[in-house]
Number of protein chains: 2
Amino acid sequence: MDAIKPELLRGSLELMVLSTLSGGKKYGYLIQSTLWESSRETIEMKAGTLYPILHKLEKEGWVKCHWESDTGRRRKWYELTAAGKKQLKSQADEWWRYVECLRRVLAPLGELSPQTA
Amino acid sequence: MDAIKPELLRGSLELMVLSTLSGGKKYGYLIQSTLWESSRETIEMKAGTLYPILHKLEKEGWVKCHWESDTGRRRKWYELTAAGKKQLKSQADEWWRYVECLRRVLAPLGELSPQTA
DNA sequence: GAGATATATATTGTGACGCTATGCATTGGG
DNA sequence: CCCAATGCATAGCGTCACAATATATATCTC
């Protein structure tokens, strides 16, 4: 499966990270691999993209994090806060609203919900 | 209905213009208003956004255009070419592929196709 | 018929943001 | 013992949508 154009991903990357964290706390590298799998090898979020997002989430108070070095290899674990869960719901709602909007705009093409197939 | 975040629109604006033109040739201002209506007053594409896109479409050979001044008010009409229709199909396909991908990523939220409601 | 508003196209400046490149450090396999 | 994979992080760059602005005509209101 081909990769999705970067321009399309813009705006939904943060949502994807939040959603991935809704399955339990994770560290950066794990978020990357989880996203890669849940998207069926489509979303390959680069480190240079992911970490600035995580830092923003932390700054906004949407995730709380703590370092762990027990295994020798240091890891920074991220976990959704209550505000983060609220934010996730908000962004997910907007996303589906956007999809519905595009569905209407693309209606003349006769592309009737290809994703329900 | 609130407006969609600009960051989300990024990447799909060109697709929306192509789709709007699939309903027959139109001039800039008409594209704006058609899009406004087909999106149920959600997509308000600004002139500063639309015209650069139209110029790109023309440059790529996806639309052919001609000036008309019969009515006194000059208008530049845009019409999809064969290559443009092909491009439209290609971009629409990618869009739905993207939506399907996000659906999987957001699956853990239990948001089962809110748009099919 | 004067002024306001809607129509109509176009350019420029700016800021947001994802990507590439780079750097540093640890761990495990060949 | 080297190299790939793991793991976090920042700097610089390019793209691109939007705000602001400019120009001009048509229509509506009073």
Side-chain angles (χ1 to χ4, degrees), chain A residues 3-18 20-21 25-37 39 42-60 63 65-78 91 98 101-102, chain B residues 3-18 20-21 25-37 39 42-60 63 65-79 91 98 102:
Chain A
I4 305 284
K5 275 203 313 252
E7 306 93 69
L8 272 182
L9 276 340
R10 286 187 75 126
S12 62
L13 292 170
E14 191 174 291
L15 169 60
M16 289 192 272
V17 173
L18 286 170
T20 301
L21 285 175
K25 60 176 162 182
K26 296 178 177 59
Y27 54 92
Y29 204 82
L30 185 54
I31 292 173
Q32 284 182 299
S33 55
T34 301
L35 199 44
W36 174 247
E37 286 171 20
S39 68
T42 305
I43 304 296
E44 192 178 1
M45 194 177 290
K46 304 302 168 58
T49 299
L50 176 61
Y51 289 106
I53 290 175
L54 287 173
H55 297 161
K56 185 204 168 184
L57 297 185
E58 186 179 1
K59 186 183 164 194
E60 299 281 355
V63 296
C65 40
H66 65 95
W67 283 96
E68 192 184 280
S69 305
D70 302 353
T71 59
R73 180 174 282 147
R74 73 198 191 110
R75 285 168 173 165
K76 192 174 181 182
W77 291 80
Y78 295 86
Q91 290 197 18
Y98 175 39
C101 178
L102 254 289
Chain B
I4 306 285
K5 275 205 313 255
E7 305 94 67
L8 272 182
L9 276 339
R10 290 185 74 122
S12 62
L13 292 170
E14 190 174 292
L15 169 59
M16 289 192 273
V17 173
L18 286 170
T20 300
L21 284 174
K25 60 176 163 183
K26 296 178 177 59
Y27 52 92
Y29 203 84
L30 185 54
I31 292 173
Q32 284 182 299
S33 55
T34 301
L35 199 45
W36 174 246
E37 286 171 22
S39 68
T42 304
I43 304 295
E44 193 178 0
M45 194 177 291
K46 306 301 169 56
T49 300
L50 176 61
Y51 290 105
I53 290 175
L54 287 173
H55 297 161
K56 186 204 168 185
L57 298 184
E58 186 179 1
K59 186 183 164 194
E60 298 282 354
V63 295
C65 40
H66 66 96
W67 284 95
E68 191 185 281
S69 304
D70 302 353
T71 59
R73 179 175 281 148
R74 74 196 192 113
R75 284 168 174 164
K76 193 174 179 182
W77 292 80
Y78 296 85
E79 188 178 5
Q91 290 196 18
Y98 175 40
L102 255 287

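What you see is a predicted model, and the numbers here were worked out from it, not measured in a lab.
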List every contact pair, protein side and nucleotides 13-17 of chain C side both N or O, where the distance is under 3.5 Å.
residue : atom : partner : partner atom : Å
C:dC17  : O4'  : A:R10   : NH2          : 2.7

Who are the side-chain contact (heavy atoms from CB on, under 4.5 Å) partners of B:W36, not counting sequence neighbours?
B:E41, B:E44

Residues which pass salt bridge (charged side-chain N to carboxylate O under 4.0 Å, His left out) with B:K5, listed by chain and number, not counting sequence neighbours
A:E94

Figure out the CD/C1' separation between A:E68 and C:dA25, and round it to whole Å.
17 Å

Protein and nucleotides 3-9 of chain D: nitrogen or oxygen contacts under 3.5 angstrom:
residue : atom : partner : partner atom : Å
D:dT6   : OP2  : A:Y29   : OH           : 2.5
D:dT6   : O5'  : A:Y29   : OH           : 3.2
D:dT6   : O3'  : A:R73   : NH1          : 3.2
D:dG7   : OP1  : A:R75   : NE           : 2.9
D:dG7   : OP1  : A:R75   : NH2          : 2.1
D:dG7   : OP2  : A:Y27   : OH           : 3.3
D:dC8   : OP1  : A:G28   : N            : 3.3
D:dC8   : OP1  : A:K76   : N            : 3.2
D:dC8   : OP2  : A:G28   : N            : 3.3
D:dC8   : OP2  : A:Y29   : N            : 2.6
D:dC8   : OP2  : A:Y51   : OH           : 2.5
D:dC8   : O5'  : A:Y51   : OH           : 3.2
D:dA9   : OP2  : A:H55   : NE2          : 3.3
D:dA9   : OP2  : A:Y78   : OH           : 3.4

Sequence neighbours excluded, which residues qualify as side-chain contact (heavy atoms from CB on, under 4.5 Å) partners of A:T34?
A:T20, A:K26, A:L30

For A:Y98, which residues count as a ring pair (Phe, Tyr, Trp, His ring centres under 6.0 Å) partner, sequence neighbours excluded?
A:W95, B:W95

Can you tell me if B:K46 touches the phosphate of D:dA19, counting only side-chain N or O atoms and a distance under 4.0 Å to OP1 or OP2?
yes

Gap between atoms CE and P, on B:M45 and C:dT9 respectively (whole Å):
14 Å

Atom CG of A:L9 to atom P of C:dT20: distance rounded to whole Å?
12 Å

Atom pair distance, as rounded to whole Å: CD in B:E44 and C1' in D:dA19:
13 Å

Under the side chain to side chain donor-acceptor pair (under 3.5 Å) test, residues paired with A:K56 that sit two or more places apart:
A:E14

Residues two or more places apart in sequence or in another chain: which of them pass side chain to side chain donor-acceptor pair (under 3.5 Å) with A:Y51?
none

Partner set under side chain to side chain donor-acceptor pair (under 3.5 Å) for A:E58, not counting sequence neighbours:
A:K76

Can you classify the ring geometry of B:W77 versus B:H66 as parallel (below 30°), tilted (30 to 60°) or perpendicular (above 60°)?
parallel

